[in-house]
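Structure, as structure tokens:
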Amino acid sequence: MTVKTRFAPSPTGSLHIGGARTAIFNWLYARRNNGKFVLRIEDTDRSRFTKESIDEIIGAMRWLGLDWDEGPVRQSSRLRVYQELARELLESGKAYKCYVTPEELEERRKAYLERGEVLRYKREWANENAHPDNSYSIRLKTPDDGIIEVKDILRGVVRFNADEIDDFVILRRDGFPTYNFAVVVDDADMKITHVIRGDDHLINTPRQALLFDALSYDVPKVAHVSMILGSDGKRLSKRHGATSVLAYRDAGYLSEALVNYLVRLGWSHGDQEIFSKEELIDKFTLDSLGRSPAVSNPEKLNWLNAYYIKKKPAKQLAELILPIMQEKGCPAQVDNKLAMIIEQLRERSKTLNDFVAQSSYFYADDIEYEQKAKDKFLKEENIPLFNTLIVKLTSIQKFNHSSIHKALEEVVNETGLKFGKIAQPMRVALTGGTVSPGIIEVAEILGRNKVITRLNRAISSI
RNA sequence: GUCCCCAUCGUCUAGCCUGGCCUAGGACAUCGGCCUUUCACGCCGAAAACAGGGGUUCAAAUCCCCUUGGGGACGCCA
């Protein structure tokens, strides 16, 4: 049987990294087994749904490189299917109409809660006469006692007491299915073989098992993956900063780094930390998924991102960096200069934005000095040094790495200064700060004109 | 409150199923050192964990029970 998995987000917001991770797992499992991967949009709650959210989720999936073979299928386009099936359950006596209103339910729930109890709805107000307006929801008849067993790939057999499960609504009074019902119908219709989803759904599984049974469908295999927690051990939320996938993109993370990071949160393959997408597809297995919740570790993401930036072919890096630069009004273009800058900055950048931030002095017409750097290195005593540098660098025939290097060595010999004593003032003059790539490389990239101009400017600023 | 899941360095994890090879391995972060023209990179090294208590066994991180702690769920949300 062909493996078929799905990712089924509800379009009520952006795709966050927890959802992205389960999407990745499903995608990997399908790809690993030459199966199919379905994208299904669970938009059965009209009050919470937004169109922008669908677009954003799809954009995020694409950015992550997760392609799907079917869909996106919107549940809202399948209402008739759910309604028909609900009707069948009604007719066969497995479900019944419930006339109680949501308001009444809420009141009742509150009353229970005050007594320290939880309302378990078991065929209580199914009486049509009670509500002349005749609108109703449809509830599934669930067993009053006994044990419902659920088999989970990661957790083994999990048992639930039937009396803990109420007669849950499968079709709302507005004709829309509820989550559990739509999931079961769709998973069966789409012939999903493996459901990989968040831990928070484990509790829904017995309800869905009941539905699969009532509809005489085959039950897919399920694996409940633990959730991602914030650094405080609490459920991930806006409080924890960036949680949406696209926010990571905008912060300058590479998708391959995010994917690698997310996969390693709850999955492992021995001691290996770095995985290409091909390797993941080759090595991904369900049974090496972890069972315990994982706390997000942004530092490790940074490390991975830095790693992937270091490894990325310069040309591809340029393509990613250029738009960010241009957005900042930087006149960069794909040329030899950018290539040299990439060469120098890739080792010093944790994110693409980081990279761009460090590159500004290569393109700016004029630079600003950091106060501390200026105070320390742009001093009267360095004026002769700057003058010597100007003379030497002006007299160079061909302004390149080896000639600059040679010129600086001559300055070392003539002044008797240590190289560092020359490099730092020069660095401040050329970049405005005390941190940069090697000074020879900086000078070479800048070119003679800018170097001389900036040295002169350093002198006049003293 | 009830039910369900989970528990190895600060964090992600290997080892657990199929007890002995574990003096518990790797990675991030941290700290030290080397390299050095600043900052990084890189390299070398250090510190750092089997939640607690009972069993079972010749032997337990590994199996069982309890406690504790964390997470999840208890919607006509998903």
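A note on names: the letters A, B, ... follow the listed sequences, proteins ahead of strands, and every chain is numbered from 1.
- Comparing the P positions of B/U2 and B/C63 gives an interatomic distance of 28 Å, to the nearest angstrom.
- Counting any heavy atom pair closer than 4.0 Å across all strands shown, A/Leu202 reaches sugar-phosphate atoms only and no base atom.
- In this model, the phosphate group of B/C4 is not approached by any side-chain N or O of A/Arg207 to a distance below 4.0 Å at OP1 or OP2.
- OP1 or OP2 of B/G42 lies within a sub-4.0 Å distance of a side-chain N or O belonging to A/Lys310.
- Checked against a 6.0 Å centroid threshold, the rings of A/Tyr253 and A/Tyr308 do not count as neighbours.
- Nucleotides B/G54 and B/A59 place their P atoms 15 Å apart, quoted to the nearest Å.
- Here A/Arg109 reaches the OP1 or OP2 of B/G75: one of its side-chain N or O atoms lies under 4.0 Å away.
- Donor-acceptor pairing under 3.5 Å, judged by distance alone, is present between the side chain of A/Glu273 and the base of B/G26.
- Heavy-atom nearest nucleotides on RNA chain B were determined for A/Glu347 and for A/Ser268, and the one closer to the 5' end corresponds to A/Ser268.
- If you check B/C12, B/G71, B/C39 against the side chain of A/Leu229, the one that comes closest is B/G71.
- Across all strands shown, B/U11 forms a Watson-Crick or G-U wobble pair, both distances under 3.5 Å, with B/A27.
- Checked by atom type, the side-chain pair A/Asn305/A/Tyr261 shows no donor-acceptor distance below 3.5 Å.
- The phosphate of B/A78 has OP1 or OP2 within less than 4.0 Å of a side-chain N or O from A/Thr44.
- Annotation: salt bridge (Lys or Arg N to Asp or Glu O under 4.0 Å) contacts involving residues 138-149 of chain A, sequence neighbours excluded, comprise A/Arg123-A/Asp144, A/Glu149-A/Arg159.
- In terms of heavy atoms, A/Phe386 sits closest to A/Ala429 at CE2-CB, 3.9 Å.
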